[in-house]
Amino acid sequence: MRAMLWEPLPGGDVCCRLCAHACRLKKGGKGVCGVRVNVGGELVSLVADVVTSAQMDPVEKKPLYHFLPGSKTFSVGSAGCNFQCRFCQNHQIARVPSNGVVPGKRVTPDALVRLAENQRARSMAFTYNEPTVFFEQVYETSGLAQAMGLRVILVSNGFMSEDFLLPLRRRVNAVNVDLKSFSDDFYRDYCGGRLQPVLDNLKAIRDMGWWLEVTTLIIPGCNDSEAELRDMAAFVHDELGPDTPWHLSAFHGAYLMAGHPSTPLSRLEEAWSIGREAGLHFVYIGNVSSAVGGTTFCPACGTPAIERRGWQTRRLGALGQCPSCKAALPGVWK
């Protein structure tokens, strides 16, 4: 299918405007994502209508803790990624085989929305692989979903372009962005990307008014120094706002880092404390059980308002309100 967001160049080359790589492709060339190809001077998407996974998930699994808590989201994944993370947990679909055969089935946007409706989802989430690279599917499906009263979620690495964000301004409601590190060297060496575009997009998303939550996978010895964690916490607080939830996820070996040590709970709790000391109101611990890491505390009085165990959510008062002082909690609750 002919791709969106690109421009022709002299000599039959094309420039892809989908993400911050801005790949320039000669005829027959593929982008970093592995799913956009220059065919005879036109950019073609190999995944515009390809779905590799579609299932119901708790919205907390995205993770989103302040967006329709306790609800189910219809999650959709395709194939390809504009990063090449050495620790990728979904590398089977993120890394397209060298033979170019893309896994999955062809599904129309209308069929996806009908499936979500039939399963009584309150939202649709584009997730599992990077939604930026299957923009055409995201754009069409999100428009239909909004028309049917479904909210739309992106789970992203944040390396998209402004050209990607602007057409989705009124089609997306919430985003969880991975802030993988606060080091450009880490992004280049471990992900095949760069830090600054992610920081710029986080601020752009905040300004667009989408509900934003941030996740950092804490990898021992790679991105977990106290200085780096403090820098990340300060960025979230100062640039995105103290009400922005920050999720700290435990690393477990995967892909090219299968033998790397897992994150100790003690390190996650230290990072949690760093986030709280930086003034962040909502810091969470994921991928491991923690006494405090799943609880939403009222910023005004410190009273627990929502408790979580795994994907189970227990409200301690009215939704979106502190049970003690009745202060409103930031988020999208209904």
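Throughout, residue positions are numbered sequentially from 1 according to the sequence presented. Everything quoted here is computed from the prediction, not taken from an experiment.
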- request: Using the rule that two of Ile, Leu, Val, Met, Phe, Trp, Tyr join whenever any of their side-chain heavy atoms come within less than 4.5 Å, decide whether Leu43 and Met1 are in one cluster.
  value: no

Criterion side-chain hydrogen bond (donor to acceptor under 3.5 Å, both in side chains) on Glu213 and Thr244, from CA distance to verdict: CA-CA 6 Å; Glu213 303 193 18; Thr244 305; over 6 Å; no

query: At their closest point, which heavy atom of Ala233 faces which heavy atom of Leu280, and how far apart are they?
result: O-CD1, 4.1 Å

- request: Answer yes or no: is there an ion pair linking Arg267 with Glu270, defined by an N-O contact shorter than 4.0 Å?
  value: yes

- prompt: Do Val51 and Met56 share a hydrophobic cluster (ILVMFWY, side-chain heavy atoms under 4.5 Å, transitive)?
  reply: yes

Leu68 vs Arg151, side chain to side chain contact (heavy atoms under 4.5 Å, CB included): CA-CA, chis, key distance, verdict: CA-CA 10 Å; Leu68 306 179; Arg151 309 290 181 88; 4.0 Å; yes

query: Would you call the rings of Tyr65 and His247 parallel, tilted or perpendicular, where under 30° means parallel and over 60° means perpendicular?
result: perpendicular

query: So with a 6.0 Å cut-off around CE of Met148, is the heavy-atom count from everything else above 12?
result: no

- request: Could you tell me whether the side chain of Ser225 reaches within less than 4.5 Å of the side chain of Phe182, counting heavy atoms only?
  value: no

- request: Verify the neighbour count for atom NZ of Lys203: are there more than 12 heavy atoms of other residues, nucleotides or ligands below 6.0 Å?
  value: yes

Side-chain donor/acceptor pairs under 3.5 Å, residues 172-179, sequence neighbours excluded:
residue, atom, partner, partner atom, Å
Asn173, OD1, Gln146, NE2, 2.7
Asn173, OD1, Val152, N, 2.8
Asn176, OD1, Thr215, OG1, 2.9
Asn176, ND2, Pro63, O, 2.6
Asn176, ND2, Thr215, OG1, 3.1

message: Side-chain heavy atoms under 4.5 Å apart, restricted to Ile/Leu/Val/Met/Phe/Trp/Tyr: what other residues fall into the cluster of Ile93, or is it alone?
response: Tyr128

- prompt: Does any non-hydrogen side-chain atom of Asp13 lie less than 4.5 Å from one of Leu25?
  reply: no

message: For a quick test of reading the model, state the closest non-hydrogen atom pair linking Leu329 to Pro299 and the distance between them.
response: CD2-CD, 3.8 Å

message: Please identify which of these residues, Val138, Leu115, Thr141, meets the side-chain contact (heavy atoms from CB on, under 4.5 Å) condition with Met124.
response: Thr141

- prompt: Going from CG on Asp207 to CG on Leu240, what distance comes out if it is rounded to the nearest 0.5 angstrom?
  reply: 9.5 Å

task: Please lay out, stage by stage, how Asp57 and Ser75 fare under the test side-chain hydrogen bond (donor to acceptor under 3.5 Å, both in side chains).
output: CA-CA 6 Å; Asp57 282 326; Ser75 298; 2.9 Å; yes

- prompt: Is Glu162 atom CD crowded by more than 12 heavy atoms from other residues, nucleotides or ligands, each under 6.0 Å away?
  reply: no

- request: List the steps and the verdict of side-chain hydrogen bond (donor to acceptor under 3.5 Å, both in side chains) for Gln137 and Ser78.
  value: CA-CA 9 Å; Gln137 178 78 272; Ser78 185; over 6 Å; no

- prompt: Can you tell me if Asn201 uses its side chain to pair, donor with acceptor, with the backbone of Met160 under 3.5 Å?
  reply: yes

statement: Tightest non-hydrogen contact, residues Ala3 and Ser45, listed as CB-N, 3.8 Å

field: Nearest atoms (heavy-atom pairs only) where Cys85 meets Cys191
entry: SG-SG, 3.7 Å

message: When you measure from the side chain of Ser183 to the backbone of Asp185, do you find a donor-acceptor pair of N or O atoms at a distance under 3.5 Å?
response: yes

query: Does Leu229 reach the side chain of Ile218, with side-chain heavy atoms less than 4.5 Å apart?
result: yes

- prompt: Judged by atom type as modelled, is there a donor-acceptor pair below 3.5 Å linking the side chain of Arg308 to the main-chain atoms of Gly294?
  reply: yes

message: Counting C-beta onward and ignoring hydrogens, is there a side-chain heavy-atom pair between Tyr284 and His66 closer than 4.5 Å?
response: yes

message: I'd like to know if the side chain of Arg276 reaches the main chain of His281, judged simply by a donor and an acceptor atom lying under 3.5 Å from each other, with no hydrogens or angles considered.
response: yes

- request: Answer yes or no: is there a donor N or O on one side and an acceptor on the other, between the side chain of Asn38 and the main chain of Gly12, under 3.5 Å?
  value: yes

- request: Evaluate the side-chain proximity of Cys23 to Val14: yes if any heavy-atom separation is below 4.5 Å, no if none is.
  value: no

message: Please check this pair: side chain of Asn82 against backbone of Cys33, looking for a donor-acceptor N/O pair closer than 3.5 Å.
response: no

- request: Measure across Thr303 and Pro323 and return the closest heavy-atom pair with its distance rounded to 0.1 Å.
  value: CG2-CG, 4.0 Å

message: Quick check against the 3.5 Å criterion: does Trp210 have a side-chain atom that pairs as donor or acceptor with the backbone of Arg169?
response: yes

- prompt: Is a side-chain donor or acceptor of Asn129 paired with a backbone partner of Gly80 at a separation under 3.5 angstrom?
  reply: yes

task: Test Thr313 against Glu60 for side chain to side chain contact (heavy atoms under 4.5 Å, CB included), laying out the working first.
output: CA-CA 9 Å; Thr313 299; Glu60 285 79 12; 3.1 Å; yes

field: Stepwise side chain to side chain contact (heavy atoms under 4.5 Å, CB included) check, Leu168 with Ser142
entry: CA-CA 8 Å; Leu168 295 174; Ser142 61; 3.9 Å; yes

- request: State, with a plain yes or no, whether a side-chain heavy atom of Tyr187 is found less than 4.5 Å away from one of Phe83.
  value: yes

field: Connected via hydrophobic side-chain network under 4.5 Å: Leu112 and Val133
entry: yes

statement: From the list Lys27, Arg2, Arg36, salt bridge (charged side-chain N to carboxylate O under 4.0 Å, His left out) with Glu42 holds only for Arg2

Any side-chain heavy-atom pair of Trp246 and Met232 under 4.5 Å: yes

- prompt: What do the steps show when you test His21 against Phe159 for ring-ring contact (aromatic ring centres under 6.0 Å, His included), and what is the final call?
  reply: CA-CA 8 Å; His21 286 304; Phe159 204 67; 4.8 Å; yes

message: When you measure from the side chain of Glu136 to the backbone of Met4, do you find a donor-acceptor pair of N or O atoms at a distance under 3.5 Å?
response: yes

message: I want to check something: taking the side chain as every heavy atom from C-beta on, are Gln119 and Lys72 in contact at a cut-off of under 4.5 Å?
response: no

statement: For Ile219, the other hydrophobic cluster members (4.5 Å side-chain criterion, sorted by chain and number) are Phe87, Phe186, Tyr190, Leu217, Phe251, Met257

query: What are the two closest non-hydrogen atoms of Pro330 and Phe282, and how far apart are they?
result: CG-CE1, 3.3 Å

field: Audit row: Arg230, Glu277, salt bridge (charged side-chain N to carboxylate O under 4.0 Å, His left out) steps and yes/no
entry: CA-CA 9 Å; Arg230 290 194 183 281; Glu277 290 167 8; 3.3 Å; yes

Pair Leu195-Leu199, side chain to side chain contact (heavy atoms under 4.5 Å, CB included): steps then yes or no: CA-CA 7 Å; Leu195 171 61; Leu199 301 182; 3.8 Å; yes

Axial cation check for Phe164 ring with Arg17, 6.0 Å and 45° limits: no

query: Would you say Ile306 and Leu316 are hydrophobically clustered, going by side-chain heavy atoms of ILVMFWY under 4.5 Å?
result: no

- prompt: Is it true that a side-chain atom of Ser273 and a backbone atom of Glu269 form a donor plus acceptor pair closer than 3.5 Å?
  reply: yes

field: Path from Val283 to Leu212 over hydrophobic side-chain contacts below 4.5 Å
entry: yes

field: cation_pi(Arg86, Tyr255) dist<6.0 Å, angle<=45
entry: no

